[in-house]
Peer 1: 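One structure is given below, represented as structure tokens, and several questions about it will come after.
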Amino acid sequence: MPVQNAEIAELFNQYADLLEIKGANEYRVRAYRNAARNISNLSRSAAEMVSGSEDLAKLPGLGKDLAAKVADIVNTGKLPQLEELKEELPAELIDITRLAGLGPKRTGVLYQELGITSIEQLTEAAKRREIRELPGFAVKTEQKILEEIGRRSATAGDEKRYKLSVAEELAQPLLAYLKNVEGVRRVDAAGSYRRKRETVRDLDVLVAHKEGSRVMERFLEYEDVDRVVARGDTRSTVVLRFGMQVDLRVVAEASYGAALHYFTGSQAHNIAVRKMGGNKGLKINEYGVFKGDERIAGRTEEEVYARVELPYIEPELRENSGEIEAAQKGELPDLLVLENIRGDLQTHTRATDGRSSLQEMADAARQRGYEYLAVTDHSKHVTVAKGLDADRLGKQIDEIDRLNEKLDGIVLLKGIELDILEDGSLDLPDDILRRLDIVVCSVHYKFNLPAEKQTERIIKGIDNPYFTILAHPTGRMIGQREPYAVDMERLMKGARDTGCVLELNAQPDRLDLAEVYVRMAREMGIMVAISTDAHSVNELDFMRFGVYQARRAWLEPGDVLNTRSWKELQKLLRNR
DNA sequence: GCCGTTTTCGGCCCGACTGTTTTCAGTCG
């Protein structure tokens, strides 16, 4: 397979890290990081652009120099400058900068003065009390380094990221607790949590308070706080027993919008907006927008944007990957919202591995305001889930027909989650598929086929005229299982040519398609179905995670199949 | 290294907290 965008971004990030340790110009370092981010957000393959002789220097954050370096990487798989720099500075130094309290400068000193290149060597030097003798270091720092390394090995992990659903569980009680503190006017979780990234590293909480509030004290007393990392009047950092770090920032109401904007990020978005302010002779910080010493805006985020002549930009878009340019041109997307969703197109029942009955699923769907719910139990190849053969599926079809007679305000769609077998054939014969409203297909085994074979397998499956939706198209489980090797560009072209719909699976462990592929689908004009894959009535509520992900990928209601009314959907399914 | 309704050169977001320091660098977000 050609070099992936993510690989290019990784090489640029490594180069930036080492440059920083070397003490290079910080803006040069930033240029590499910007380029890395822009390339990883790209909805097209940079390798393909290079082979098509497109001018990469036209991409945001890429100039002549970096465009040439991208071409080098695409052609050789390597960044020669990085190889050279590694001769000078061992790449392991990057691990040391990941330790809390040690950044590039101190890591550089440790290397220059003591020749330290690994965590092990760092531990030994600290134990021998050599660190405290270095300039800029002393006893306290030496102790903190040992503590930090101890914690690291205890949790056996480098910087842990939490799935959004887990972060939500930790955030909600904390927000409720803070809301109840006397003098607190507003509370919001900001940061990547508010931008609805699929995983978050820490939680950023913002509070507006009345003068003299004791909110900071009360925060530090919160029962789930394991330890306090930093404490100040306006900002404190703690680590919860669960291991997640929480930063609390306290501001006055007059600054709340500016602080929310600042604390929501992303950092790259903030830099871009503040720069626009600077061009207009304004200073933007977390306290407001300032003209000289006078605060001229800051109570709401809308005010802040208005001062740089931008409309409000939704948090999910704030990555500085095109949203500011779109806002300037008045071309921001009219983002999908949960209320646009009219039904769920992948769900399971007790007939296979689900835990609720047809009737219970139908009732729960109606309660959520849906018009339809597709019942898509597993097919026979998934034996562990008691998958349906043609006979049992036939009986379920009859049962759904009978139930639909009685149901009011909701329609159950007859469907299946059909296995795509290793050779690309489907797990049940066409004569039973013919009786279904919807055929959701997916890969459940042989994840480790070579990319070429896996791609062929799925594309052959898509060719079946009954194939409606490709479910969890890459098979990834966040933090647990890598996506299987598949040529997504080819797969997408296959989907586009046959009118196949791609699923955005809303299970918080999956969120498959990943954001970059959802964006790719949108740009190629491929319809996306957001489905919960619910195995019980409660899991129907996972829909929100799918909607968040879709919003991050700029999807509008029209891009999503299940925003259609039952009548429109019927028409689309028939034309398939 | 990028970029341009002040600019093709000279800028590049901004502030809180900590620890090592007598005024600030480093780190972090």
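Just so we're clear, the structure is a prediction, and the values are computed from it rather than from any experiment. Below, chains carry the letters A, B, ... as their sequence lines are ordered, and counting in each starts from 1.
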Peer 1: Is any side-chain nitrogen or oxygen of A/S236 closer than 4.0 Å to OP1 or OP2 of B/dC17?
Peer 2: no
Peer 1: First locate atom CZ of A/R307, then atom NZ of A/K291, and finally report the distance between them rounded to the nearest 0.5 Å.
Peer 2: 7.5 Å
Peer 1: Choose from B/dC13, B/dG19, B/dC14 the nucleotide whose nearest atom is closest to any side-chain atom of A/N285.
Peer 2: B/dC14
Peer 1: Taking only side-chain nitrogens and oxygens of A/Y262, does any of them come within less than 4.0 Å of OP1 or OP2 of B/dA16?
Peer 2: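 Looking at the OP1 and OP2 atoms of B/dA16, neither is under 4.0 Å from any side-chain N or O of A/Y262.
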Peer 1: Whole angstroms only, please: what is the CE-C1' distance between A/M276 and B/dC12?
Peer 2: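 The answer, rounded to whole Å, is 16 Å.
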Peer 1: State whether A/R28 places a side-chain N or O below 4.0 Å from either non-bridging phosphate oxygen (OP1 or OP2) of B/dG1.
Peer 2: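 For B/dG1, OP1 or OP2 has a side-chain N or O of A/R28 closer than 4.0 Å.
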Peer 1: For B/dG1 and A/K69 - does any side-chain N or O of the residue sit under 4.0 Å from the phosphate oxygens OP1/OP2?
Peer 2: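 Yes.
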Peer 1: For A/Q245, which contact category applies under a 4.0 Å heavy-atom criterion: base, sugar-phosphate, or nothing?
Peer 2: sugar-phosphate
Peer 1: Answer with base, sugar-phosphate or nothing: what part of the nucleic acid does A/L99 contact at a heavy-atom distance below 4.0 Å?
Peer 2: sugar-phosphate
Peer 1: Could you check whether A/R227 pairs with A/E147 (Lys NZ or Arg NE/NH1/NH2 to Asp/Glu carboxylate O, under 4.0 Å)?
Peer 2: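 So A/R227 does not pair with A/E147 through a salt bridge.
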Peer 1: At under 4.0 Å, does any side-chain N or O of A/N270 touch on OP1 or OP2 of B/dC13?
Peer 2: no
Peer 1: Taking B/dC2 as the reference, what is the distance to B/dC13 when you measure between their P atoms (whole Å, please)?
Peer 2: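 It comes out at 16 Å once rounded to the nearest Å.
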Peer 1: Which is true for A/G191 with a 4.0 Å heavy-atom rule: it touches a base, it touches only sugar-phosphate, or it touches nothing?
Peer 2: nothing
Peer 1: With sugar-phosphate meaning primed atoms plus P, OP1 and OP2, does A/A272 contact a base, only sugar-phosphate, or nothing at under 4.0 Å between heavy atoms?
Peer 2: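 Answer is nothing: A/A272 stays at 4.0 Å or more from every strand.
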Peer 1: Would you mind checking if A/E133 and A/R128 are paired as a salt bridge, meaning a charged N to carboxylate O distance below 4.0 Å?
Peer 2: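 So A/R128 does not pair with A/E133 through a salt bridge.
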Peer 1: Given the P atoms of B/dG11 and B/dT21, what is the spacing between them in whole Å?
Peer 2: 33 Å
Peer 1: Answer with base, sugar-phosphate or nothing: what part of the nucleic acid does A/E286 contact at a heavy-atom distance below 4.0 Å?
Peer 2: sugar-phosphate
Peer 1: Could you measure between the two C1' atoms, the one in B/dT20 and the one in B/dG26, and give it in whole Å?
Peer 2: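 Comparing C1' positions in B/dT20 and B/dG26 gives a spacing of 10 Å.
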Peer 1: When you measure from the side chain of A/T234, which nucleotide among B/dA16, B/dC13, B/dG15 comes out closest?
Peer 2: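 My answer, after comparing the listed nucleotides, is B/dA16.
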Peer 1: Closest-nucleotide mapping onto DNA chain B: is A/L102 or A/Y32 further toward the 5' terminus? I mean the 5' end.
Peer 2: A/Y32
Peer 1: Looking at A/R201, does any N or O in its side chain come under 4.0 Å of the phosphate oxygens OP1/OP2 on B/dG29?
Peer 2: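 For B/dG29, OP1/OP2 do have a side-chain N/O of A/R201 under 4.0 Å.
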Peer 1: Quote, to the nearest angstrom, the C1' distance that separates B/dC12 from B/dT6.
Peer 2: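 Comparing C1' positions in B/dC12 and B/dT6 gives a spacing of 15 Å.
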